[in-house]
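Input: a single structure, listed below in structure tokens.
Predicted model, so just to flag it, every value in this text is computed and none were measured. Along the sequence shown, the residues carry numbers beginning at 1.
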Amino acid sequence: MDNSYTALFRLVQAAMGNKYNSLPDNVDWGAVVDLAAKHGVGGLTLDGLNALVQAGDIAKEQIPPISVRAQWGGLQQYAEQNYDRQQSALRALDRLLEGKPFKALVFKGISLSLYFPVAKHRECCDIDMYAMNGCYDELEACLLNDGGRVDRHDSKHASIQYKNAWVELHHYFLSSFVSPKLKRMNAVLENLLTESEVLPGYNNIYRPSKEFDLMFVLIHAANHYKLEGISIRHIIDWVLVLKSNAYVWPKKMVEDMKLLNFASILNRIARENLGFDIPDEMCLCDDNDYKRVLNDILYPLYESQQNTSKANLLFCKYKRFTSRKWTYPLVGDNFWRVTLASII
């Protein structure tokens, strides 16, 4: 692992209030900021840097130059502004839903941000929303009648621009039509909605229970991992929900989904690199699997291509797709069975 990632991990540790070692020498702070942006932890890592400075745990000569701190501050400010736009949109919807016989549930970004030390520094692109009580059409009509505009609509969700924020209104939590396994997982998540609670500060908008968040974050990360890989933020999402539940997880449910090995690898990554005090028995996994997954997260073979031709983009997607066959057994899947099921 190079110095840039070592420094990034130290900053995450500091931001979380975890035990941390000293920063490495000769840190390329520009590279650290680039990695923070890539992994969706720009605001969080700047919090970590500020914590080190305030505690006097960083030498004066190690503090990044003003130009780098300004770039870093831009990442944090963007996350804050996006969060504020989302909160404003949710407040408008909350008022609109007053007296209605159905409610909205927000999950993923907005819900997971509440586990972070500073909620608005958990970066999220859009508001992931689900209509409770099966009232999808009614909730969609509320959004559209109040100025919302549908940008894209598919079998999983609609993408709606509402009050200067983007809302993904979901039919399903997972693409349950892709495979029987995802269909079963989606049913498990729907059954966990009975424990949903009102989103703090709102009256008609809800958030899922911790058990839902635990299962959703793990399933979502596993599906992302096998298809295209995951970021450090995925791991932080998982471990913060786990920590909030005193490191107690629904192990039987995780085993039934064939995700115990993958969860254990994420736990070990979080413990050994991010400083979380996760019990030994929750980190039991093969050393080679641990090292390969960590290396794959930090140094992916095929990354998303920006500003490239369609032909090159398709080629890169194809190479990434075929190169990830080895990841499927780690998340309890079979590459060919999943691929055929998605085609059929």
Side-chain angles (χ1 to χ4, degrees), residues 40 86 90 103-116 119 122-134 136 155-157 167-200 205-267 269-270 282 330-333 338:
Q86 292 177 345
L90 286 175
K103 307 299 177 188
L105 176 116
V106 291
F107 65 108
K108 287 176 70 175
I110 292 292
S111 178
L112 296 176
S113 71
L114 299 180
Y115 296 99
F116 278 65
R122 193 274 181 194
E123 299 174 23
C124 48
C125 298
D126 43 42
I127 303 170
D128 288 277
M129 190 175 293
Y130 182 82
M132 300 180 73
N133 309 119
Y136 179 95
S155 53
K156 184 185 177 186
H157 54 62
V167 175
E168 284 200 345
L169 183 57
H170 289 250
H171 287 284
Y172 317 101
F173 294 111
L174 307 168
S175 300
S176 57
F177 49 87
V178 171
S179 72
K181 183 179 180 181
L182 283 180
K183 188 174 183 178
R184 290 194 303 272
M185 289 178 169
N186 196 75
V188 168
L189 293 173
E190 288 181 345
N191 288 335
L192 293 174
L193 289 181
T194 55
E195 301 299 321
S196 300
E197 57 192 41
V198 177
L199 185 69
I205 297 176
Y206 286 69
R207 63 174 297 202
S209 64
K210 286 182 183 179
E211 191 171 31
F212 175 99
D213 282 338
L214 276 170
M215 292 308 301
F216 177 82
V217 170
L218 182 59
I219 294 168
H220 185 254
N223 285 327
H224 261 284
Y225 185 68
K226 72 185 180 189
L227 295 174
E228 59 187 18
I230 58 174
S231 68
I232 293 169
R233 192 185 65 195
H234 284 94
I235 300 172
I236 295 172
D237 283 342
W238 160 251
V239 73
L240 284 181
V241 182
L242 195 60
K243 180 182 178 182
S244 76
N245 207 39
Y247 296 116
V248 175
W249 58 354
K251 186 176 180 181
K252 179 65 167 58
M253 200 178 296
V254 173
E255 286 178 324
D256 289 345
M257 295 297 172
K258 299 181 179 179
L259 292 175
L260 183 61
N261 185 46
F262 182 67
S264 299
I265 293 171
L266 296 188
N267 290 344
I269 291 173
M282 299 179 72
L330 290 175
V331 296
D333 270 329
V338 172

Aromatic ring pairing F212/F216, orientation class (parallel under 30°, perpendicular over 60°, tilted between): parallel
Minimum heavy-atom distance between R233 and E123, given as atom pair plus value: NH1-O, 2.7 Å
With N186, the side-chain hydrogen bond (donor to acceptor under 3.5 Å, both in side chains) member among R184, E190, K183: E190
Listed partners of Y225 passing side-chain hydrogen bond (donor to acceptor under 3.5 Å, both in side chains), at least two apart: D296
Partner residues of K181 under the salt bridge (charged side-chain N to carboxylate O under 4.0 Å, His left out) criterion, sequence neighbours left out: D333
Spacing of CG belonging to L199 relative to OG belonging to S111, to within rounding of 0.5 Å: 7.5 Å
Any donor-acceptor pair under 3.5 Å from R207 side chain to L114 backbone: no
F173-F107 aromatic ring centre distance below 6.0 Å: yes
Residues forming a side-chain hydrogen bond (donor to acceptor under 3.5 Å, both in side chains) with D256, sequence neighbours excluded: K252
Distance in Å, M215 CE paired with M257 CE, rounded so as to fall on 0.5 Å steps: 5.5 Å
Straight-line distance of K226 NZ to L330 CG, nearest 0.5 Å: 12.0 Å
All salt bridge (charged side-chain N to carboxylate O under 4.0 Å, His left out) counterparts of D126, not counting sequence neighbours: none
side-chain hydrogen bond (donor to acceptor under 3.5 Å, both in side chains) against K210, all qualifying residues, sequence neighbours excluded: none
Validation row: I230, L266 side chains within 4.5 angstrom (heavy atoms): yes
Side chains of residues 241-251: which donor-acceptor pairs under 3.5 Å do they make with residues two or more places apart or in other chains?
{"residue": "S244", "atom": "OG", "partner": "V241", "partner atom": "O", "Å": "2.7"}
{"residue": "N245", "atom": "ND2", "partner": "V248", "partner atom": "O", "Å": "2.8"}

